[in-house]
Each structure stands twice: as C-alpha cells, then as structure tokens.
Amino acid sequence: MSDKKQSQAVNAAWGGRFSEQTDAFVEAFTASVAFDQRMYRQDIAGSRAHAKMLQKIGILSEEDLSAILGGLAQIEEEIAEGRFEWSVAREDVHMNIEARLTELVGDAGKRLHTGRSRNDQVATDIRLYLREQMDFIRAEIVRLQQGILDVAEREAESIMPGFTHLQVAQPVTFGHHLMAWFEMLKRDASRFADCQARMNLSPLGAAALAGTSYPIDREFTARELGFDAPTENSLDSVSDRDFAIEFCAASAILLTHMSRMSEELVIWSSAQFNFIELPDRFCTGSSIMPQKKNPDVPELVRGKTGRVNGHLISLLTLMKSQPLAYNKDNQEDKEPLFDTVDTVLGCLRAFADMVPAIICRHENMLNAAKQGFATATDLADYLVRKNLPFRDAHEVVGSAVALGVKEGRDLSELSLEELQQFSDKIEADVFDVLSLQGSVASRNHIGGTAPEQVRQAIARARESLQV
Ligand code: ARG
C-alpha cells in the first residue's frame, strides 16, 4: 500500500496526515453519531442547499448536482425507513451521510464538501433543528392554553380561597386562578418566538472559521433554508451557541412555571384540600397501599424541571471561557439540548391532555374560602367607604377576626350586634360585602377576579391565540 492509500484507510474524511489508526476507545469516545443522527433531515437539507449553491456559482456541474440530490434523496429514505447503517467509525451524522453519498454517487459525493466545514454544517443543522422543534413546542403551549381557557370559562364563577404564604388570603374564582397560568404560558410562548426570531440566521459559508476562498453565495443558501439572512461574522458563526442557551433558558422558565402549576395540582388533589380530582388515567396507584391514587403526572413534571434547569447550567458551563472559534467541546451541546426538547414536549403534552380533564370539587373550594376570614379586607374597605381611615379599619377588623377565631365562626356568621361592638359604622348592609360572591364581584377592574372580568380576560385571550 502506498503511503497515501494507507492514510486513507485511517479515515477517509481526514486521515491524510495521520500515520496510525485512531485508538478504538477514542473513536467511540469522540463519536457523536449515536445522538446527532436525529438531525439527519436538517443535515441533508443543508447539503442540498450547499450543493445547489455550488452548482449555481459554477463549482459543481449539473450532472454532479443531480447525482448529489439523487443520492441525498435515497439516503433520506434509507434513514427514515431504518435501513441506513450508521457507523461509529464515521464519527457523526455529517460524515456518515457524506460517506454514504460517496458510496452511492462516487466523485460527485466527494465534491460536496467544497467550501464548507463540519463546523458551519453543524451550526446550521442545530439551528434548523431547534427552529422546527420550537414550532412544535409553541403549538403544544397553545394547545395547553386552549385547554386552560375552556376550564377557566367553565369555572369563571367558582369560588376558591386565594392564597398568600399558602394561608387563605382573599376569595378568588378558580377561573381567575387558571388565567394566571395562562399569562405565564403566554410569556413562555413569546420567549420561544423571540429566540426563534433571533437565531434565524444562516451560518453556512463560515466554513471552518474564516470563510472560504470560493465565491460562495451565502444569501442563496440562507434563503434556501428559510433563514432571514446569513450571519455576519464567520468566527462567531461557528462558535455561537447562544441560541441553544437561550432555548434552554426559555425551557427552564417554562418548566419552572409548570412546576408551580404541578405543585398546586398536587396540593389541591390531596385529601386535605380536595379541591380537584385528576382523572384516573393521569394517576397511578401504590403497590402496597390499596387506597392510594397518586398525582404522578404533575409530580413528574415538577421533577423534570430539575433536569431541564440542569441542562441550562450544562450549556452555560460548556460555553464559559471557550476561546473562539469552534472547539470540540461544542459537541457536548447536543445531548442536553435534545433532552430538553424531549422533556419540554413530553411535559406539555401531558399537561395539555390532563388540564381540560380536571374535575372540580366546588363545595370544598367554597368551604375552604369560608374558613380563613377571606373577606376581612372587604370589611375594612367597607369601613373606609364609611369614612374610617384604613389603618383604623384594619384594627377594627382585626378585633372582629379575633372574636371569630375564638368562637370558631366566620365574619359573615357573626351577628350585627356582635360586629357593631367594634365599630358603630357597621350596619345591616355589611353582610353584602362579607359574602364571598360579593367580595369577588366587587373586584371588577381589569386584572381583577370578578367573574365579569375573568370572562373578558378569556375573550381577549382567545383573540390573542387566533393571531
Ligand atoms: N460532531 C461535531 C459536533 O457536534 C461536528 C463538528 C466537528 N468539527 C470538527 N472540526 N471536529 O460539534
């Protein structure tokens, strides 16, 4: 074997300057094909665009281009049908596909890599992949939001205690509470949309780091791949993973929101609260305690938040202090990223299926709201309307509550005479404000818990989802 032939046997893609085989363990250790093969469609799309561009500028002949396009189509089919033989020796998705292309179409396949590098190739692939996944994520967020709106509409008048410090604070409607969830998700969806808009630039053409000496047309490949424009700086193009960090940050915030919703579902479905019931199909039992019905779905979503937050920290740490431009470290971006995508989609799917099926125990919610002197603020506001300064009103109500606590009765259950001992401004009309319905109905301004406002908020929300 000539020297040249021997080196080709080392690795067809880069073996020229090597004199011995890669260590078998190192080959497996450095390979990414096991996980980056999920980007095969994006890799093929990038190659198609690149090949068309090379033909357009006269570097590839028409015959070569059609051979490449035909080969890529066949490869895409082989992979989709599970017939493609992935090889660890070919390291990653890019070299697996390129090597197979050369097997299929010969020299034309070898010409495809003109004027590009795996560095700009992988940067392009990840962007294409994430851009698409964020479409799916945003669609699932909308599906969950729609479910929330349906339940909120149904429960626009259902009274429950609103909490601060997990102590009964003031009555709210369940619909109002759910609309708080809606708002959290609305911001989450817009964070993903912002991330998509910012990342939609094409790194293709940055090549290894400095660009290429061929007269490439980056505008053309950017357009072909649905990017808004080419990226501005070749070094930045191959080293930037901000978009992945941003995606993970948006995901971490989303999951943090979902963990809060989960926690509420867990608490509300406990025997002590018993505000809601989750249908059996979203729960599991215990192998030892026959009476148990556990809220596994929200518990698991709460738990998965830790893993998604962890991925964000992984990526931040991965990029911290990395010198420009590309470093092999970057291969480590994929597993956290992919697992974030899978986890977020899984959690959203479970929630979007489960939330519309929540069963409300209205009596229990109402009784709980009656127990914590939830209308104490309403009594204070009543006294203020009768010209007592707020601080004095606060004092009067505090004394009335103390009596209620001693007697084990709500403010609305004290007699007029009992209430009047604390202030002569209290009259028979006080019972209107001490009722839970009166209390929620009085909070009738934008953002307030009055059923009328909740319905208006739902109508605005439905409209916002149309666009
Ligand atoms: N598998 C590599 C990655 O995921 C592709 C880029 C490799 N580039 C290189 N020069 N080794 O980052």
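These numbers come from the heavy atoms of this one structure, side chains and all, not from hydrogens, waters or symmetry mates. When a residue number appears, it is its place in the shown sequence, counting from 1.
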Looking only at heavy atoms, what is the nearest atom pair of D43 and V93, with distance? OD2-O, 4.2 Å

Is the number of heavy atoms from other residues, nucleotides or ligands under 6.0 Å of R38 CZ greater than 12? yes

If you apply the rule side chain to side chain contact (heavy atoms under 4.5 Å, CB included), what do you find for M184 with M258, and how did you get there? CA-CA 9 Å; M184 291 147 84; M258 292 180 75; over 6 Å; no

Note: S239 and N330 closest approach over all heavy atoms is O-ND2, 4.0 Å

Verdict with supporting geometry, H50 and Q121, side-chain hydrogen bond (donor to acceptor under 3.5 Å, both in side chains): CA-CA 10 Å; H50 182 67; Q121 211 179 334; over 6 Å; no

Can D36 and I126 be said to form a side chain to side chain contact (heavy atoms under 4.5 Å, CB included), step by step? CA-CA 9 Å; D36 65 15; I126 311 172; over 6 Å; no

Quick one: do N96 and F84 satisfy side chain to side chain contact (heavy atoms under 4.5 Å, CB included)? Show the steps, please. CA-CA 10 Å; N96 267 267; F84 190 88; 4.1 Å; yes

Here's one to test your reading of the geometry: is the NZ or CZ of R131 within 45 degrees of the ring axis of F227 and under 6.0 Å from its centre? yes

Main-chain N/O of A450 paired with N444 side-chain donor or acceptor, under 3.5 Å: no

All heavy atoms of P451 vs all of V440, minimum pair found to be CD-CG2, 4.2 Å

Any donor-acceptor N/O pair, R218 side chain to S202 backbone, under 3.5 Å: yes

Side-chain (R118) to main-chain (M95) donor-acceptor, under 3.5 angstrom: no

Could you check whether F247 and F192 have their ring centres less than 6.0 Å apart? yes

Decide if atom CD of Q331 counts as having more than 12 heavy atoms of other residues, nucleotides or ligands within a radius under 6.0 Å. yes

Do D107 and K110 meet the salt-bridge criterion of a basic N to acidic O distance under 4.0 Å? yes

With a 3.5 Å distance limit and no angle check, can you tell me whether R83 reaches the backbone of I79 through a side-chain donor-acceptor pair? no

Is there side-chain contact between R90 and I97, with at least one heavy-atom pair below 4.5 Å? no

Do L366 and H362 come within less than 4.5 Å of each other through their side chains, counting heavy atoms only? no

For E153, does its backbone N or O pair with a side-chain atom of R455 as donor and acceptor, under 3.5 Å? no

Tell me whether E232 at atom CD has more than 12 heavy atoms from other residues, nucleotides or ligands lying less than 6.0 Å away. no

Indicate yes or no for a side-chain donor-acceptor contact from K293 to the backbone of L278 under 3.5 Å, with no hydrogens or angles considered. yes

Please report the closest heavy-atom contact between D217 and M53, naming both atoms and the distance. N-SD, 3.3 Å

I need the minimum non-hydrogen distance between L312 and I245, along with the two atoms involved. CD1-O, 3.7 Å

So D240 and R127, salt bridge (charged side-chain N to carboxylate O under 4.0 Å, His left out) or not? Walk me through it. CA-CA 11 Å; D240 163 33; R127 284 171 189 253; 2.8 Å; yes

Any donor-acceptor pair under 3.5 Å from K328 side chain to T30 backbone: yes

Taking atom CZ as the centre, does R41 end up with more than 12 heavy-atom neighbours from other residues, nucleotides or ligands that are less than 6.0 angstrom away? no

Taking only Lys NZ, Arg NE, NH1 and NH2, and the carboxylate oxygens of Asp or Glu, determine whether E85 and R100 approach each other closer than 4.0 Å. no

Using a strict cut-off of less than 4.0 Å between a Lys/Arg side-chain nitrogen and an Asp/Glu carboxylate oxygen, indicate whether R241 and E246 qualify as a salt bridge. no

Ion pair check, D353 and R143, cut-off under 4.0 Å: yes

Specify whether F174 and H177 have parallel, tilted or perpendicular ring planes, treating 30° as the upper limit for parallel and 60° as the lower limit for perpendicular. tilted

Taking the side chain from D92 and the backbone from V33, do they hold a donor-acceptor pair closer than 3.5 Å? no

Exercise: do S47 and R116 side chains pair donor with acceptor under 3.5 Å: yes

Give the C-alpha distance, both sets of side-chain angles, the deciding distance and a yes or no for side chain to side chain contact (heavy atoms under 4.5 Å, CB included) between I253 and H257. CA-CA 6 Å; I253 299 174; H257 283 160; 3.9 Å; yes

Ignoring hydrogens and angles, state whether a donor on the side chain of N11 or E91 is under 3.5 Å from an acceptor on the partner side chain. no

Does R349 pair with E140 as a salt bridge, N-O distance under 4.0 Å? no

Would you check if the distance from the ring center of Y129 to the ring center of F338 is below 6.0 Å? yes

What closest approach, in Å, do L128 and L225 show between heavy atoms, and which atom pair accounts for it? CD2-O, 3.7 Å

Can you confirm whether R260 is buried at CZ, in the sense that more than 12 heavy atoms of other residues, nucleotides or ligands lie under 6.0 Å from that atom? no

Side-chain H-bond candidate by donor/acceptor type, E132 with Q42, under 3.5 Å: yes

Under 3.5 Å, is there a donor-acceptor pair linking the side chains of T284 and D296? yes

For N233 and T231, indicate whether the former's side chain and the latter's backbone hold a donor-acceptor pair under 3.5 Å. no

Neighbour count above 12 (heavy atom, 6.0 Å) for Y214 OH: no

Does any non-hydrogen side-chain atom of M365 lie less than 4.5 Å from one of I159? no

Ring centres under 6.0 Å, that's the criterion: do W181 and H176 meet it? no

Ion pair R462/D150, N-O distance below 4.0 Å: yes

Count the heavy atoms of every other residue, nucleotide or ligand shown that sit under 6.0 Å from CD1 of I446, and state whether that count exceeds 12. no

Quick one: does S262's side chain have a donor or acceptor within less than 3.5 Å of a partner on P298's backbone? yes

